[in-house]
Amino acid sequence: MRAVRASALGLLSSLTLKESRLCLRTPVSVRRSSSSSDEEKVSRYPVPYKKNLPYDIVELMEEVEIKGGFLPNVFKVLAHRPEEFRAFFAYYNLLMNKESAGLSKAERELIVVATSAHNNCLYCVVSHSALHRIYSKKPTVADQVAVNYKVADITARERAMLDFAMTVCRSETVTDEHFSSLEAHGFDREDIWDIAAIAAFFALSNRMAHLTDMRPNTEFYNLGRVPRDKCPPDTENNKL
């Protein structure tokens, strides 16, 4: 289960207060054991109680929740099928938690935002916009890309990347011209594979989010927007 654990740790490292330098108040309700009866509805399918889940998944969830301040709803929803949960996060880790010379983590998240917006996936747009803001330190770009990446404040290189990601997202024919265009912007063939794989993988993720009616955690909306030094003082019952 090391691959699954690494994927979660990569995600929680993105969400930790230390790295993101954000205000994050965690409601007491998110600290409860997961179930469809004691929390807000996050899925059409039952969210299992932690006591009914395999130990490795429970351990992973608790570590994410403790270190990140909240448990992203995707963990709760996909826990409905533990074996698929493990497979999903193993592949997620391989695609998203690496940074190559040609494709940064922020760029990977931008691909998810653009393609998920095309696929009308609320959960992925909101959650991965938050991750892009954290990685890029740019609080408005993901919002722009979610609406219309062609007029967003991005580089020509990023626009070429998203043009190709959208080609894959829309299941259009990939040609040698696509490779030539991307290579002209500094992407190599392994980067091009990554762009395509991310667009393809999140087509699956988007559709599963639609199936389950997966709802974004409210915490995602403000992540990466408000510098920590501008946060209001903690209250007695809400200390970080």
With Asp143, the side-chain hydrogen bond (donor to acceptor under 3.5 Å, both in side chains) member among Lys138, His132, Arg225: Arg225
May I ask you to decide whether Lys50 forms a salt bridge with Glu65, counting only side-chain N to carboxylate O separations under 4.0 Å? yes
Are the side chain of Gln144 and the backbone N or O of Asp153 linked by a donor-acceptor pair below 3.5 Å? yes
Under the ring-ring contact (aromatic ring centres under 6.0 Å, His included) rule, collect the residues that match up with Phe187, sequence neighbours excluded. none
Beyond-backbone contact of Tyr123 with Pro72, side-chain heavy atoms, under 4.5 angstrom: yes
So does Arg133 pair up with Glu109, basic N to acidic O under 4.0 Å? no
Please answer whether the main-chain N or O of Phe202 pairs with a side-chain N or O of Asn206 as donor and acceptor at a distance below 3.5 Å. yes
Polar side-chain atom of Asp188 near backbone of Asp191 as donor-acceptor pair, under 3.5 Å: yes
Check for a donor-acceptor pair, side chain of Asn148 on one end and backbone N or O of Lys150 on the other, with a separation under 3.5 Å. yes
So, Thr175 versus His178: side-chain donor-acceptor pair below 3.5 Å or not? yes
Going hydrophobic residue to hydrophobic residue with side-chain gaps under 4.5 angstrom, can you get from Leu162 over to Leu95? yes
Quick one: are Tyr45 and Leu211 in side-chain contact, heavy atoms under 4.5 Å? yes
If you count every heavy atom of other residues, nucleotides or ligands that lies below 6.0 Å from Arg81 atom CZ, does the total exceed 12? no
Is there a donor-acceptor pair under 3.5 Å between the side chain of Ser181 and the backbone N or O of Glu177? no
With no hydrogens and no angle check, is any side-chain donor or acceptor of His118 less than 3.5 Å from a backbone partner on Ala114? no
Flag yes if Ile195 and Val141 sit in one hydrophobic cluster, no otherwise; membership is Ile, Leu, Val, Met, Phe, Trp, Tyr, and two members link when side-chain heavy atoms are under 4.5 Å apart. yes
Flag side-chain contact, heavy atom, 4.5 Å: Phe85 against Val77: no
Using modelled atom types and a 3.5 Å cut-off, is there a donor and acceptor pairing between side-chain atoms of Glu63 and backbone atoms of Leu60? no
For Tyr91, all residues meeting ring-ring contact (aromatic ring centres under 6.0 Å, His included), sequence neighbours excluded: Phe201
Quick one: salt bridge (Lys or Arg N to Asp or Glu O under 4.0 Å) pairs with a partner in residues 192-217, sequence neighbours left out? Lys98-Asp194, Arg108-Asp194, Asp213-Arg215
Ignoring hydrogens and geometry, is there a side-chain-to-backbone donor-acceptor pair from Arg159 to Val151 under 3.5 Å? no
